[in-house]
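Heads up, the thing below is written out as structure tokens.
All chains are named by letter (A, B, ...) in the order of the sequence lines, taking the proteins before the strands, and each is independently numbered beginning at 1.
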Number of protein chains: 2
Amino acid sequence: MKNAKISNAVINRLPRYRRYLIELQKKGVEKISSKEFSNLIGYTASQIRQDLNNFGGFGQQGYGYSVKGLCDEINAILGLDQEYRMVLLGAGNLGQAIYKYTKTFKRGFKVCGWFEVKKDLIGTSSEGMEILDYEGLVSFVEKEKIDIGIICTDRESAQEAADRLCFAGVKGIWNFARVDIEVPPHVALEVVHLSDSLHALAYHMNDIKKKEAKEAETREHRIDKRQK
Amino acid sequence: MKNAKISNAVINRLPRYRRYLIELQKKGVEKISSKEFSNLIGYTASQIRQDLNNFGGFGQQGYGYSVKGLCDEINAILGLDQEYRMVLLGAGNLGQAIYKYTKTFKRGFKVCGWFEVKKDLIGTSSEGMEILDYEGLVSFVEKEKIDIGIICTDRESAQEAADRLCFAGVKGIWNFARVDIEVPPHVALEVVHLSDSLHALAYHMNDIKKKEAKEAETREHRIDKRQK
């Protein structure tokens, strides 16, 4: 595996490659050319070859890629050949949504503890999991060897929650709180702003509407001219 | 407003601008220079000016941006100055997670109907909302003037669900199903692959671990050399 810095764009494409390779495996496909893979996934064949060359390539000239081989390699690159232990912070609507979501994972990522700062929620159960006192977070993370902290707190608590998680020794933070947070360089950070995606959708819907209105206007204008 | 095609990168940055502007308004800040805004948001001042110039600019030389004015403009650009009516498809763990998530929205986007294909879930309630029969989807979308369909079905059902939503007349689709779907050009599509984000996090964690291991090796090597 090469050691040069891989761009985020490439890394963000790998999970997509993986999804398609898993589907191909399910369909019993054993090998695929970069051309066929390109038709399927919608990136150019040259893009695919370039992306995979970042990690030393895997294809064989005239044979293509082994579907299982490539999938295993991507799993190894992404670090999906191991288990991750997670804690979730925040038991409000957002926390409950994301906890529920983590239950759709078949394997690889497990929520081991769920923490909340609000006294009236601590000790209650949600989705069959007890909500724990945020005060016990640091010792829990240390004792349970937690890798990832998921932040689903409100805006105001998110940075403090991140600081505490990093102090306790997590290696990565998955942030859903609607605020940008900072972490030390030895901790990885991924941010999901679901509402940004919905706002982009609203933009595209309105953009299409405007274009359609403009086209309709042009059509009417043409008809007007013809009728004159 | 200019009519040239705006790149997706710009559009994806607008919700972020908006979030910061809302926070500034809450703090009572009335105006901000592109330099100050740059320090806050982490894009260069020149990037900010370029982005906003796509929509005709809004700043005044020597004054900066009006926080409320810019926020209102971005709301109008994104189409957030109106209400969107949504239906949600799928009442499994993913659907429940996303429904729960939509309850964190204060306004603008409302789930009006929740549909499921599995007979044993139809008629039950979840989160105080009745799960409706998928067979009634098309007439519901037409009658209730639904704008957006949220797809939280399993892989196998996602494309059929999208086809039905488009046929019924939605203007946008927000896809959470773990498969890529296709929609006609007059329908906007936004895709969220939450697991892709988690896989990228795993990659970055492992990347940091590898770098640390390498650094430790180099240090040991140096100590070895000194001891010889």
query: Looking at Asp154(B) and Ser157(B), what are the two nearest heavy atoms and their distance?
result: OD1-OG, 2.6 Å
- prompt: Side chain, backbone, both or neither: which part of His193(A) has a non-hydrogen atom closer than 4.5 Å to chain B?
  reply: side chain
- request: Could you verify whether a donor N or O on one side chain and an acceptor N or O on the other, from Gln50(A) and Asn54(A), lie under 3.5 Å apart?
  value: no
statement: Answer key: most heavy-atom pairs under 4.5 Å with chain B among Lys103(A), Lys211(A), Lys209(A), Arg19(A) is Arg19(A)
message: Quick check: closest heavy atoms across Cys71(B) and Ile22(B), and the distance to 0.1 Å?
response: SG-CG1, 3.9 Å
- prompt: Between Ala158(B) and Val179(B), what is the shortest heavy-atom contact and its length?
  reply: CB-CG1, 3.6 Å
query: chain B: which of Ile208(A), Asn8(A), Asp196(A) shares the most heavy-atom pairs with it under 4.5 Å?
result: Asp196(A)
message: Tell me which of these, Arg16(B), Glu23(B), Arg178(B), has more heavy-atom pairs under 4.5 Å with chain A than the rest.
response: Arg178(B)
task: Pick one of side chain, backbone, both or neither for Ser195(A), based on which atoms fall under 4.5 Å of a heavy atom in chain B.
output: both
statement: Cut-off 4.5 Å, heavy atoms of chain A, and the answer for Leu189(B) is backbone
field: Euclidean distance, Lys145(A) NZ relative to Phe140(A) CZ, rounded to 0.5 Å
entry: 12.5 Å
Sorted by number, residues from residues 88-95 of chain B in contact with chain A (heavy atoms, under 4.5 Å): Asn93(B), Leu94(B)
message: I'd like to check Leu194(A) versus Thr104(B) (side-chain heavy atoms, cut-off strictly below 4.5 Å). Are they in contact?
response: no
task: Output the distance between atom CD1 (Ile48(A)) and atom CD1 (Ile41(A)), rounded to the nearest 0.5 Å.
output: 5.5 Å
message: Within this structure, what is the CZ-CD distance for the pair Phe176(A) and Glu190(A), rounded to the nearest 0.5 Å?
response: 10.0 Å
- prompt: Do Ile32(A) and Leu24(A) have side-chain heavy atoms sitting under 4.5 Å apart?
  reply: yes
query: chain B: which of Val192(A), Ile148(A), Asp180(A), Leu14(A) shares the most heavy-atom pairs with it under 4.5 Å?
result: Asp180(A)
query: What's the verdict on side-chain contact (heavy atoms from CB on, under 4.5 Å) for Leu21(A) and Ile74(A), showing C-alpha distance, side-chain angles and the deciding distance?
result: CA-CA 10 Å; Leu21(A) 291 166; Ile74(A) 290 180; 3.8 Å; yes
- prompt: Which answer fits Phe109(B), side chain, backbone, both or neither, if we ask what part of it has an atom under 4.5 Å from a heavy atom of chain A?
  reply: side chain
- request: Enumerate by number any residue of residues 162-175 of chain B whose heavy atoms lie under 4.5 Å from heavy atoms of chain A; in the absence of such residues, state 'none'.
  value: Lys171(B), Gly172(B), Ile173(B), Trp174(B)
- prompt: Nearest 0.5 Å, what's the CG-CD distance between Leu121(A) and Glu116(A)?
  reply: 5.0 Å
field: Interchain contact, Tyr99(A) with chain B, by part (heavy-atom threshold 4.5 Å)
entry: neither
message: Does Tyr65(B) form a side-chain contact (heavy atoms from CB on, under 4.5 Å) with Glu36(B)? I'd like the steps, not just the answer.
response: CA-CA 10 Å; Tyr65(B) 297 103; Glu36(B) 290 166 315; over 6 Å; no
query: Quick one: of Arg155(A), Glu212(A), Arg18(A), Glu127(A), who has the most non-hydrogen atom pairs under 4.5 Å with chain B?
result: Arg155(A)
- prompt: Which of residues 197-205 of chain B have a heavy atom under 4.5 Å from any heavy atom of chain A?
  reply: Ser197(B), Leu198(B), His199(B), Ala200(B), Leu201(B), Ala202(B), Tyr203(B), His204(B), Met205(B)
statement: CG of Leu70(A) to NZ of Lys68(A), rounded to nearest 0.5 Å, is 11.5 Å
- request: Would you kindly say whether Tyr17(B) and Asp51(B) are connected by a side-chain donor-acceptor distance under 3.5 Å?
  value: yes
- prompt: How many angstroms lie between atom SG of Cys112(A) and atom CE of Met129(A), to the nearest 0.5 angstrom?
  reply: 7.0 Å
Would you give me the side-chain donor-acceptor pairs under 3.5 Å for residues 78-87 of chain B, sequence neighbours excluded?
residue  : atom : partner   : partner atom : Å
Gln82(B) : NE2  : Asn206(A) : OD1          : 3.2
Tyr84(B) : OH   : Asn206(A) : ND2          : 2.7
Tyr84(B) : OH   : Gly79(B)  : O            : 2.6
Arg85(B) : NE   : Glu144(B) : O            : 2.8
Arg85(B) : NH2  : Glu144(B) : OE1          : 2.8

